Amino acid sequence: MVQLKFDSGGAHLLGGLNPPQAAAVTHEGGPLLVIAGAGSGKTRVLTRRIAYLISEMGVAPGSILAITFTNKAAAEMKSRVADLVGPVASSMWVSTFHSACVRILRSHGDAIGFNRNFVIYDQGDSEKLVSLITASLGLDSKRFPPKKVAASISAAKAELVSPDELASRAFHILERKVAEVYKLYQARLEAANAMDFDDLISRTNQLFDEAPLVLEYYQRRFIHLLVDEYQDTNHAQNALVVKLGSRSRNVFVVGDSDQSVYGFRGADIRNILEFEKAFDDVAVIKLEQNYRSTQNILAAANAIIGNNSMREPKELWSELGEGEKIRLFVGDDDREEANFIASQIYREKVDSARPFADFAVFYRINSHSRAIEEALIRRGIPYRVVGGTRFYDRREVRDVMAYLRLLVNPNDEIAIRRVVNVPKRGVGEASVAKVVAFAQERRITLFEALAEHGAAGVSGRAGHGVDEFLALYAKLSALLSGSIAPGALIEALLAESGYGEELDTDTSIEGLSRVDNISELVSVASDYETLADFLDATALVAQADQLPGDDVVTLMTIHTAKGLEYPVVFIAALEDGLFPHSRSLYEPKDLEEERRLCYVGVTRAREVLYLTRALMRSQFGEATSAIPSRFLDEIPSELFVDLSERRSFENRREAGYSGSSYSSASGFNRTTMRMYGLDETPKQTDSRSESPRLRPDQLRIGARVVHSSWGEGFVSAMEGSGDKTTVTVRFPGFGQKVLILSLAPLKLA
């Protein structure tokens, strides 16, 4: 590691910088790794560094290549540099990896056999081409979903793995078939003079390997190479950086191994950890002063991330003072957790006159927005879902809801059009148009016309698909006539239609999220006695008007929150299996990425941080005990203030990790909630004070009981004995709940 020197020149560019920031900006040359902690001012350092190169070191702007990860960030960086050094900055290359590679390939693509006017396929184009190839090979679309195969090809390209190399690595027939599709896919792209987004990177690597004079040209042109968010680079992108920078060695990279959370997209944390191996004379500067958060928030973040081994050690600190303690809340269930979040937002809005825009709610999984959205709507709190779609607007949710609407009203033409070919049955738009024309001609409903599809001119595969659809409708109608519960009806729909199987075969991040959303829909449906009640309730939620303007609460996944900040942050559903996600629990590398994700979420908060979880959570309509997230246990208890009413955090921690569930916590004080008019849950009891728990010998099947949150219900089942006795209670309006009798806040009605 080389010795860093502080240059007193360019004082106008060093104003407001702390010593490590100034050292990075004035670095004399050679490879430099800037480890920039969350909120440490890395963008300022990057822009000042570029300006310093131009104005103080005499570097020609055209000799600078700066790489960022979004076009918006690139435009902002170029604008900020121009503000510092003037219009000469316009000749710099400031762009994303993909944009830079397009410029290079447009000029030199013929060296590897591409016409310079090649076209670029987006994700939809790529998946369409893959689907054509899999169909031509006779591959089952359920075993080889085009989206999943396209994702496998993308992952191979990110690792610079060729079709032949992928085939040589294959261990079973599925992998060999994917490699075969990959080879044909590349051949079809080349024949069409086309590249996909991954090709832009991999083909530029190929160009530099096969045309050394082209590589030398760009090495001589770009004397200084700067890369932002280096922890998010994949293998192919890192290879480009090393190739371009190996001649001048003026490679300035900024990143933070603790914020590497895009492993599922191919980002490789090893790139930042092994930068010192790629350039043996690298200098390292750590930016550890945080300008965003209070010290208590940073202490929690440091404690969490300190449990990771794959990182460059650092300790964030702040001059903003200790600030408020982290606010912990444990609700009886996910409904109470969501109500607490909405209530706290409303309360702070009233007490502190904070705008709604000050608040953000983060969750690990998209489906967790549903309960929170409904709680906000009930209180008239405007919100916006960022980086995703509102729960009842998500495609798979709308598909299932259309089926349910159709069962209640077979004349619903919009619902028929939506689901007649979901999942795919070969009933295309042309066939639907024929049936619509037939219905109009005969003056009958679209549903009636489907029954006469042959007369409408729909036969063959499409006709068979219509028959399948009508048979499914008849089967589901029979179940509905038998008074099947809404949650069970959805499960039957998923099984009988094949839609559930179609969702299960997509193991991409998006596919798994869709399965989570359907699970959440089943859970909320299970709270209703009849399908009509469920449809009425969800229609009111889905159509709830949002208040105009930008003063809204922000809801998003933690992945989406990266790079953002808010005065008040809620992180919900902190439970093992949810956050950290169940897919990561048994793989140390994946668990470390989940911990980095938690660190990112915590460090988005500037002033106030809430961490919430529930004792019980519903999944596919089943209420199960939730295990507290291990990340909560990694935060020192002295940093918390527990807003749950009955037990201290220490007692909760002890109970949660001794093999039993946490004891029930009522959460936000009901008296305070009533003071603000926020206690809207029906059938509340008058007191939430601690009282003796019911004993098994006090109950029998059919006994009427009262729960402090869900009101009156009746016992429908009992299992186990002693402290392990569980009771199943049906609460009108809230559905069936499975409770641990020794912990549940129940009393006899």
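Nothing here was measured: the structure is a model prediction, and the numbers come from that model.
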Can you list everything that forms a side chain to side chain contact (heavy atoms under 4.5 Å, CB included) with [X]? Sequence neighbours excluded, please.
X      : result
Asn205 : Leu160, Ile201, Ala236, Ala239, Leu240, Lys243
Asp199 : Lys157, Gln186, Leu189, Met195, Asp196, Ser202, Arg203
Thr294 : Ile297
Val102 : Arg106, Ile120, Leu200

Just by distance, no angles: are the side chains of [X] and [Y] close enough, under 3.5 Å, to form a donor-acceptor pair?
X      : Y      : answer
Glu592 : Ser309 : yes
Tyr121 : Asp198 : no
Asn302 : Tyr599 : no

Residues forming a salt bridge (Lys or Arg N to Asp or Glu O under 4.0 Å) with [X], sequence neighbours excluded:
X      : value
Asp125 : none
Arg220 : Glu216
Glu210 : none

Subject >> All pairs passing ring-ring contact (aromatic ring centres under 6.0 Å, His included) where residues 188-215 contributes a residue, at least two apart >> reply: His98-Phe197
**OP:** Mind jotting down which residue pairs meet the ring-ring contact (aromatic ring centres under 6.0 Å, His included) criterion with at least one end in residues 147-190? Sequence neighbours excluded, please.
**Re:** none
Subject >> Those residues that, when tested against Phe97, pass ring pair (Phe, Tyr, Trp, His ring centres under 6.0 Å) (two or more places apart) >> reply: Phe69
Original post:
What is the ring orientation for Tyr218 with Phe222, classed by angle as parallel under 30°, tilted 30 to 60°, or perpendicular over 60°?
Top reply: parallel
Original post:
Which pair of non-hydrogen atoms, one from Leu166 and one from Val161, has the smallest distance, and what is that distance?
Top reply: N-CG1, 3.7 Å
**OP:** Could you tell me which residues satisfy side-chain hydrogen bond (donor to acceptor under 3.5 Å, both in side chains) with Asp83, sequence neighbours excluded, listed by chain and number?
**Re:** none
Original post:
So which pairs with a foot in residues 283-297 pass salt bridge (Lys or Arg N to Asp or Glu O under 4.0 Å), sequence neighbours left out?
Top reply: Arg292-Glu565
